[in-house]
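Some notes on the structure that comes next.
Just so it is clear, the values below take in all heavy atoms, side chains as well, and ignore hydrogens, waters and symmetry mates. Just so it is clear: chains get the letters A, B, ... in the order the sequence lines come, proteins before strands, and each one is counted from 1.
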Amino acid sequence: MADVLVCVKRVPDFSGEVLLSDDAQSADARYVGHTLSNHDLCAVETAVQLAAATGGSATVLTVGSADAVEQLRTALGVGCAAAVLVEADPVTLGPADVAREVAAVVADHEASRGASYDLVLLGNDAADSGDFQVGIRLARLLDRPVVTGVQTVTLDGDRATLVSDVAEGRETYRVPTPAVVTVLEGGVEPRYPTITGRMKAKKIPVEERALSAEPVGSGRVRLRVPAPQSSTSTLLGEGPEAAPAVVDLLQQLGVAR
Amino acid sequence: MIVVYVETVRGVVAEVSLEAVAFARTLAAAGGGIPVDAVVCGPLGDAGPKELAEAGVRTVLHADTGEFDVFSGAAHARAVLAAREQTRAVVLMGGGTNRGNDVMARVATELDVAMAANVVAFEGLSPFTVTRQVVGGAALEEVRLGSRPAVFSVAGHAVEATPAETAGPATLTPLAVALEPGDLTVQAVSVQPVDTEAAGNLKSARVVVGAGRGAGGPEGFGDALELAELLGGQLGVSRVVTSLGWRPHHEQVGQTGSRISPEVYIPCGISGAIQHWAGCASSKVILAVNTDADAPMMTKATYAVVGDMHEVVPAVNEEIRRRRG
Ligand SMILES: Cc1cc2nc3c(=O)[nH]c(=O)nc-3n(C[C@H](O)[C@H](O)[C@H](O)COP(=O)(O)OP(=O)(O)OC[C@H]3O[C@@H](n4cnc5c(N)ncnc54)[C@H](O)[C@@H]3O)c2cc1C
Ligand SMILES: Nc1ncnc2c1ncn2[C@@H]1O[C@H](COP(=O)(O)O)[C@@H](O)[C@H]1O
């Protein structure tokens, strides 16, 4: 029976152009909406699978604005059983703040349940701030081992086997639980919420909490979006009809005979 | 003092680490010529000290006891902390790889200071300010690293691994690291390093045919592979492709993959995100194929063909074969 806590971050859904707020302290998501990053979606999927496989449960947690309940509902809709919102203005938070708040919730929950979360899962890096560190800071506060950049997680009693297949190679880790793991997309396929899943999710109450301490922030001075460059390319053609022009060029460059 | 955490793959210094050392040199120069030292954990081949000397390193602090034979982020972080004690470093930095970010984040956490991941430039010494990639590279963040030491990682291939004007002695010195009980709890039980020979072939190829999400699935690479073969080149792919498991990791081009510099790069169905661009920007000629004429790869390329790669690439292959008769 594994109990898993999974931490998610509400992030702007950027696929096209990125706009900034007037004070250049955050991205302006008014026109694009919000989502969970692929890493976080994979962390949620992993949590739900582990809970189902062991007859345990998955709890989802976010630190952020009241609007982030939308992202908690997404996770509840795919099988998380409980949700926690630590309400805060996200612009004021740095990675150390998020880690401290998550650690506070973990300590509280574990004290009242009298048992630890076997695993705390997070994304490897947030899609917006990309700090690459909340998991490591959290593990230090909880005094638990941490493995980053993991794609698949299996639990066997009080040990977890973690595999990451990344640019440096494929690595397998075995660690004792309780542990902290950060998840990289690619190992599992996140499921979509079903209608019944969404209905059920609506009925689950969200535990709302306040910050446990004043945020220290991120040291951000400002954000900047590089000016878009005008095209410098020469159009060779469109569709398969461009093939002769392409091969002419390759011959001219001396790479095709 | 600046300490750079240098990663090795089978005893060979990683290119991103040499890039980080080159970055450290610009910092050192701005600071009035402060020395740059390197920390290496585990086996280091004979070429290592020479490469680090050419990069301008003063001392190579080598943690090479048995505990460092396999990777442990906590142990490597402990080595960087030991090096900091020894050198009184004011800056600790590494490359922006999975490992580099893991180790530097552990170092920063242990010292209770901030850490900036994927830095691309440094703006000023006092206050110490750097610029880093955020929002998947679509935006940049200027961030102040107020406390000492400043801890950060340098985005892969954001700077070039140029040699130093004057080589350093790169004196190899054993580094004593007092590991704590928990440091070896998390150790890789098995490691299959990426196929460095195949990655080497990609890096030195005269022609690279690229394929990204536009390939559509694991079966979508046949035409691109055939074109690579017809041109005596190699296939290179985007991270989406390796993350989805469509192609192996050694084929990845970009910030967290290989940096290529072929005569011709032909990216097909690759949008040209900044992290991909970091790995292919030094190609002499780029010929992009994409259904979207406005994709960054199409506007930054030397030449562009608007179209479906599954129609354009076979037609090109056919034309090459026809001309060969
Ligand atoms: C820290 C970090 C490190 C990263 N490192 C790397 C790295 O090393 N390498 C890397 O590549 N990425 C890296 N990325 C990811 C990068 O940001 C992009 O997500 C990735 O490069 C996108 O891959 P893509 O171009 O294949 O896919 P997409 O961005 O989805 O683009 C697909 C493109 O294909 C086109 N297309 C679709 N169908 C067709 C068709 N039939 N014919 C022709 N064109 C078609 C589309 O118009 C689009 O332009 C990194 C990201 C982060 C945050
Ligand atoms: N505000 C937040 N609330 C909950 N989890 C978060 C928050 N910020 C970051 N995380 C988690 O930490 C991971 C890594 O974030 P980062 O270290 O900021 O790149 C994310 O993928 C999330 O899983």
**Message:** Using only non-hydrogen atoms and a strict under-4.5 angstrom cutoff, which residues of residues 310-319 of chain B touch chain A?
**Reply:** E311(B), V312(B), A315(B), V316(B), E319(B)

**Request:** Supply the atom-to-atom distance D102(B) CG to T148(A) OG1, rounded to the nearest 0.5 angstrom.
**Result:** 3.5 Å

**Request:** Flag the one option from G232(B), A117(B), P248(B) with the top tally of heavy-atom pairs under 4.5 Å to chain A.
**Result:** A117(B)

**Prompt:** Picking from M298(B), E110(B), Q133(B), R206(B), which has the most non-hydrogen pairs under 4.5 angstrom with chain A?
**Reply:** E110(B)

**Asked** N118(B) versus F132(A): any side-chain heavy-atom pair under 4.5 Å?
**Response** yes

**Prompt:** Do you know which of L20(A), D125(A), I136(A) has the most heavy-atom pairs under 4.5 Å to chain B?
**Reply:** I136(A)

**Request:** Please tell me if the side chains of E263(B) and L253(A) come closer than 4.5 Å, counting only heavy atoms from C-beta onward.
**Result:** no

**Region of R106(B) in contact with chain A, defined by heavy-atom distances below 4.5 Å** = both

**Asked** Picking from R322(B), M104(B), R144(B), R239(B), which has the most non-hydrogen pairs under 4.5 angstrom with chain A?
**Response** R144(B)

**Asked** Hey, what do you get for CD (Q192(B)) to OG1 (T172(A)), rounding to the nearest 0.5 Å?
**Response** 7.5 Å

**Prompt:** When you measure from the side chain of Q133(A) to the backbone N and O of M115(B), does any donor-acceptor pair fall under 3.5 Å?
**Reply:** yes

**Message:** Counting C-beta onward and ignoring hydrogens, is there a side-chain heavy-atom pair between V305(B) and V246(A) closer than 4.5 Å?
**Reply:** yes

**Under 4.5 Å from any heavy atom of chain A - which part of A288(B)** = neither

**Prompt:** With only heavy atoms counted, which part of I274(B) is less than 4.5 Å from chain A, the side chain, the backbone, both or neither?
**Reply:** neither

**Straight-line distance of K300(B) NZ to S233(A) OG, nearest 0.5 Å** = 12.0 Å

**Under 4.5 Å from a heavy atom of chain A, the part of T242(B) involved** = neither

**Item:** Residue, of A256(A), S129(A), A242(A), G149(A), that accumulates the most heavy atom pairs under 4.5 Å with chain B
**Value:** S129(A)

**Request:** Go through P127(B), A188(B), A139(B) and name the one with the most non-hydrogen pairs under 4.5 angstrom from chain A.
**Result:** A188(B)

**Prompt:** Heavy atoms, side chains only, cut-off 4.5 Å: are R222(A) and L140(B) in contact?
**Reply:** no

**Message:** Counting C-beta onward and ignoring hydrogens, is there a side-chain heavy-atom pair between R224(A) and E142(B) closer than 4.5 Å?
**Reply:** yes

**Message:** Sub-4.5 Å heavy-atom contacts with chain B: which residues of residues 178-190 of chain A show up?
**Reply:** L184(A), E185(A), G186(A)

**Prompt:** Picking from V216(A), V225(A), L249(A), which has the most non-hydrogen pairs under 4.5 angstrom with chain B?
**Reply:** L249(A)

**Prompt:** Under the 3.5 angstrom rule, does the side chain of R323(B) hit a backbone N or O of P244(A) as a donor-acceptor pair?
**Reply:** yes

**Request:** Go through R220(A), E238(A), Q251(A) and name the one with the most non-hydrogen pairs under 4.5 angstrom from chain B.
**Result:** R220(A)

**Asked** Roughly how far apart are L223(A) CG and E141(B) CD, rounded to 0.5 Å?
**Response** 5.5 Å

**Asked** Which residue out of D308(B), V134(B), V135(B) racks up the most heavy-atom pairs below 4.5 Å with chain A?
**Response** V135(B)

**Request:** Decide yes or no for V189(B) and Y173(A): does some side-chain heavy atom of the first lie under 4.5 Å from some side-chain heavy atom of the second?
**Result:** no

**N124(A) CG to N98(B) CG distance, which is reported to the nearest 0.5 Å** = 6.0 Å

**Prompt:** So, does T232(A) use its side chain to make a donor-acceptor pair with the main chain of T299(B) at under 3.5 Å?
**Reply:** yes

**Asked** So which of L250(A), D143(A), V146(A), V175(A) has the biggest tally of heavy-atom pairs under 4.5 Å with chain B?
**Response** V146(A)

**Message:** Report which part of E123(B) has an atom under 4.5 Å of a heavy atom belonging to chain A: side chain, backbone, both, or neither.
**Reply:** side chain

**Prompt:** Would you call P176(A) and T185(B) a side-chain contact if the rule is heavy atoms closer than 4.5 Å?
**Reply:** yes

**Message:** Among S243(B), G96(B), S271(B), which residue has the highest count of heavy-atom pairs closer than 4.5 Å to chain A?
**Reply:** S243(B)

**Prompt:** Does E171(A) pair with R99(B) as a salt bridge, N-O distance under 4.0 Å?
**Reply:** yes

**Prompt:** Can any side-chain N or O of R132(B) pair as donor or acceptor with the backbone N or O of G130(A) at less than 3.5 Å?
**Reply:** yes

**Item:** Lys/Arg-Asp/Glu bridge criterion (N-O < 4.0 Å) met for D112(B), R140(A)
**Value:** no

**Item:** Contact summary for V186(B) and P145(A), nearest pair of heavy atoms
**Value:** CG2-CB, 3.4 Å

